[in-house]
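Only one structure is covered here, and it is reproduced in the block below.
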Protein chains: 2
Amino acid sequence: MMSINHDPETFVYPADMNEGQEALALWLRRLELRSPLTNFDRETVLSFPGTLRRYASSRDIVRLGERTQQSCLVVDGIVARFGQTSEGHRQLTAFYIPGDMADLHSAVLPVVTAPLQSAMTATVYFVPHDVIRRAGERSATLARAFWRDCVVDAQVASEWLLNVGRRGALARVAHLLCELSCRHFAVGLTRYEFPLNLTQTHIGEALGLTGVHVNRMMRALRSQSLVQTEGNMLKILDWAGLASVGDFDPGYLHMKREVDD
Amino acid sequence: MMSINHDPETFVYPADMNEGQEALALWLRRLELRSPLTNFDRETVLSFPGTLRRYASSRDIVRLGERTQQSCLVVDGIVARFGQTSEGHRQLTAFYIPGDMADLHSAVLPVVTAPLQSAMTATVYFVPHDVIRRAGERSATLARAFWRDCVVDAQVASEWLLNVGRRGALARVAHLLCELSCRHFAVGLTRYEFPLNLTQTHIGEALGLTGVHVNRMMRALRSQSLVQTEGNMLKILDWAGLASVGDFDPGYLHMKREVDD
DNA sequence: CGCCAGATTGAGGACGCTCAATTCTGGTGG
DNA sequence: CCACCAGAATTGAGCGTCCTCAATCTGGCG
């Protein structure tokens, strides 16, 4: 009973596997970074039940118009949220890396207006909405942490809007790389060297650019010795330089604990 | 004691004026559209205390980096959220019309990463965060409604990202006009004729375009008999045509009540 | 009547797109 | 071990949308 799914490229695992718990721990770390939680809250989150599932490249995880019953916690790989025009042009509106609850918002607004797909390969831990809601009702601090997590997600989208609307192609690419770097760091992963599990087309779709043009911009960044690529690993050689080119200020990510009033 | 502010163009009024209550009623209507509330919730919201203030064109309402103690309910005019690059290029990331709580999210994340300004003239009713938080703690349905309101705001930002990233200039403008029309309608205002209290520069800053180019696109829309302008009033002559040009589907606004699971 | 913000219009240029060909890479099967 | 293949990265050439930089026009207001 390795698979309960007909798609040969996705597999469902029993819920007792470790990966889900590890991702919950990453997520918890992020929640705590933004608001203090009680021990009770921590235990509640860490014991969230769920289902683990793996996806091959570019698979639908949540479809447009669906009414979801669960939220997606990214365990491995990258999950992308996107919209598309009637002509079929896609715009990715968010990337979710391990430790991100990609559609926590669906706990409160289950109708899907922006679908989710795996970028390259991805593993997702599905947590039922019931569980999330009940946790929020029992603990006001947790409810607030969830709400806040959604707010931060929204602020990231705003920053993307600024990026796409007002910066040149080179800055856009640099900005995205800086953001991913910081977000990896925020969940305890390596900061200056991480797997860029995205095709250049994905990056283009996120930035309002063509994959072709992303390629040229990457070349420019490499030729300026700002970054280096080996396979899908990205190395940031000159953080300050990259941040400068990308006009990057990490404030919008709210990665530092802020004192509550 | 008409004014407690040194800026000669902003005025603070005593809290017992009616306009604040009217705006609260508009907001409540929107909250209810998205999730059912109890009578207790309604009374709670309608009795939110606050401070009324008027702004002239392009005034700061909430500044970058500030730590706010209150949220801004738009009573009249349009309030814009924006970001800007280090070179000073502005990108508006949201418009808020009467009945919108422009920064409800600040109740949960008070550090401002995206400031607010009045677009043209605007009136705002400030509600203290304490009040909002306490209301959320007392009523789980209300807490959820607040959270959901923020989520919808985020989905609008995502749609803007799609708009700016993937549509041509003409479609962008048409899309924005459609959105504003629907949002006016959703709070009970007129749908096909409403004041467009924005300069073409504002519209450009919202769409990642130049004011000059917005002008050309508006001309195109007029010449196709889709819209008509008289002063700052916008008339939509051909809704279906405009929606088609703008590739507009109102789903993301979540204006219809959805059954809860 | 002069002033100012905003709308309008024109001409030229740049950035990023389209289309297409080629190379590179990892995986697969013989 | 090599041939083969698909997906992705890379590169080139020509083009179009939208920007830049003006200048002019309009309406409201002191």
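Numbers restart at 1 for each chain; the letters A, B, ... are given by sequence-line order, proteins then strands.
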Gap between atoms CD and C1', on B:Gln200 and C:dT9 respectively (whole Å) | 12 Å
What one-letter contact string describes nucleotides 14-21 of chain D from 5' to 3', where B marks a base within less than 4.0 Å of any protein heavy atom, S marks contact via sugar-phosphate atoms alone, and - marks no contact?
-> ----BSBB
Rounded interatomic separation in angstrom, taking CG from A:Asn215 and C1' from C:dC24 = 12 Å
For the pair made of CE in A:Met218 and C1' in D:dA8, what is the distance, rounded to whole Å?
-> 13 Å
Decide, yes or no, whether a salt bridge links A:Arg81 with A:Asp103 under the criterion of side-chain N to carboxylate O below 4.0 Å.
-> no
Nucleotide D:dA8, atom P - distance to CD of A:Glu205 in whole Å = 11 Å
How close or far is atom C1' of D:dG27 from atom CE of B:Met120, stated in whole angstroms?
-> 13 Å
With B:Phe82 as reference, evaluate B:Glu205, B:His202, B:Gln117, B:Gln91 under the side chain to side chain contact (heavy atoms under 4.5 Å, CB included) test and give the passing residue.
-> B:Gln117
Full working for ring-ring contact (aromatic ring centres under 6.0 Å, His included) between A:Phe95 and A:Trp160 = CA-CA 11 Å; A:Phe95 282 136; A:Trp160 280 36; 5.6 Å; yes
Please state whether the phosphate of C:dT8, meaning OP1 or OP2, lies under 4.0 angstrom from any side-chain nitrogen or oxygen of B:Arg219.
-> no
Look at the aromatic rings of B:Phe126 and B:Tyr55 and report parallel, tilted or perpendicular, splitting at 30° and 60°.
-> perpendicular
Sidechain N-carboxylate O distance under 4.0 Å for A:Arg166, A:Glu159 = no
Look at the rings of A:His184 and A:Phe194 and say which category their plane angle falls in: under 30° parallel, 30 to 60° tilted, over 60° perpendicular.
-> parallel
Starting at CZ of A:Arg222 and ending at C1' of D:dA9, how long is that distance when rounded to a whole Å?
-> 9 Å
Nearest-Å distance for atom pair CG/P, residues A:Asn232 and D:dG7 | 18 Å
Measure from NE2 on B:His202 to C1' on C:dA5 and round the result to the nearest Å.
-> 12 Å
